Amino acid sequence: MNKHSSGLVEIRGLQKSFGTLQVLKGIDLSVGRKEVVCIIGKSGSGKSTLLRCINGLEVFQSGELLVDGVPVKSSDPNAMRALRQKVGMVFQSFNLFPAMSVGNNIMLAPKLVKNMSPGDAKLLAEKLLTRVGLTEKFDSFPHELSGGQQQRVAIARALAMNPEVILCDEITSALDPELVGEVLQVIEALAREGVTLIIVTHEMNFARKVCDRVVFMHQGLVHEVGTAEDIFTSPKTPELRNFISVNHGQRELV
Amino acid sequence: MSSFSTWDVIRNLLLSLPWTLFLSAIAFLGGIVLGLVLLILRIMRPNSLGRLITWYVQLFQGTPLLMQLFLTYFGLALLGFNPSPLLAATLCLSFYASAFLTETWHGCVMSIPKGQWEASSSLALNLREQLRYVIFPQALRISVPPTVGLLVQIIKNTSLASVIGFIELTRTGQIITNVTYDPFFVYGTVALMYFALCFPFSMWGRTLERKFDVGH
């Protein structure tokens, strides 16, 4: 392994534009092993784009992005295949494969990419389903599950590749309020077990409870970084103070 | 001295029916194979080969099949081959079918939600694995009804092969008319036979459409 980088994910001067619109204007961020980092900020602040750069779903124009000491090179399919085995992702809209059973959703990538035998893959899938509390859903199809259950399967599917870090992109935003809890519980358990997580979220209470560090993004830049306690109780910048007051107001209304 | 009885007319038309079926089947199969190759090339190389394939599709969609048949038949002759009407018609209809099929299927593939591509990319699948295990199985479901629709079009369009002298159902009808001078009866029978061929496929296509609608 490359020793010069301290963090598992190292981001330096990252810039990304969609056409003429610059979305990321020079991001610096380092995420250590076993760290849980939440990214908060208004929509349009670039948080999802930043997350999607880390596993190469978005191509950035300049700056450096290293995962486990290896630079992300989206033009090289082999490098991307190696990268994506280290970086798992869970999406807002679950994105389970609708034509496959829950078990096959989880087993597909380990069998294809890691050449896992069908027997081992089945054991792994069963173990992971138990971990997300869905032991009995192995043969169900995605459309037979609730949103919360689908998202838990998506988490199990990401875990099946045994990644170094899991990216969560607003994973509770598409859920009915009463289903948010079951998904956040699973993520909380992962955090306790020492899984490295980078989480884009609007759930401020969750961020406060689970994250080691909170990153506040504003207009394409990392505006403020700190422990959950620092960020939520003593925000330094007016933008963050404003963001927190608006979002806490919303939560009380819910 | 027309000694053609009604039965003679029908019998001769029925005897030519296998040629229409044969031509349809070969054109359809050839179209499927070539269309699939073109589809995969178009997805894997969207910028270079994909552009060429788009033009290929436009060419076949933007010119009458009648001209395509003439050009294939006489074009091949000009190049020094001497194609039989069967070979020219088979080739031309296969190209024609491949253009329409690849365009239809490409639309089906493009209609698969972006999230499916992103999720499978994120799981480190390469493009070949994504297509084989995630995208094509879903695209296949939605592509069946329009594909059956195209099959019906191809069956009907084989009638145009009569102009380059390929003796199938329509050409046989023309020949018989020249003897019996009873075009309405002969062509009426010909039309009914096409209908009898196409109708079951149309019905089947509609059933499939309904079936896949429920599944979604």
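Keep in mind that what you see is a predicted model, and the values were worked out from it rather than measured. Below, chain A is the first sequence line, B the second, and so on; all start at residue 1.
Atoms OG1 and CD1, on A:Thr172 and A:Ile187 in that order, are 9.5 Å from each other to the nearest 0.5 Å.
For A:Arg157, the parts lying near chain B are the backbone and the side chain together; criterion is any non-hydrogen pair under 4.5 Å. Contacts between A:Leu112 and chain B at a heavy-atom distance below 4.5 Å involve backbone atoms as well as side-chain atoms. Heavy-atom distances place the backbone of A:Val87, and not its side chain, under 4.5 Å from chain B. Only the side chain of A:Met161 comes within less than 4.5 Å of a heavy atom of chain B; its backbone N, CA, C and O stay farther away.
With a 6.0 Å radius and a threshold of 12 heavy atoms from other residues, nucleotides or ligands, B:Trp117 has its CH2 atom above the threshold.
With salt bridges taken as basic N to acidic carboxylate O contacts below 4.0 Å, one links A:Arg33 and A:Asp68. The existence of a salt bridge linking A:Glu193 and A:Lys34 is excluded, since no basic side-chain nitrogen approaches an acidic carboxylate oxygen closer than 4.0 Å.
Remark: the backbone N or O of B:Ala99 is not paired with any side-chain donor or acceptor of B:Thr102 at under 3.5 angstrom. No side-chain donor-acceptor contact under 3.5 Å links A:Lys114 to the backbone of A:Ala109.
Taking the six-membered ring for Trp and thresholds of 30 and 60 degrees, B:Phe199 and B:Phe195 have nearly parallel ring planes, at less than 30 degrees apart.
Among the candidates A:Val113, A:Asn55, A:Asn78, the residue making the largest number of heavy-atom pairs closer than 4.5 Å to chain B is A:Val113.
Close approach to chain B, defined as a heavy atom under 4.5 Å from one of its heavy atoms, is seen in A:Asn95, A:Leu96, A:Phe97, A:Pro98, A:Met100 of residues 95-107 of chain A, taken by number.
With a 6.0 Å cutoff to the six-membered ring centre and a 45° limit on the axis angle, A:Lys122 counts as a cation-pi contact of A:Phe138.
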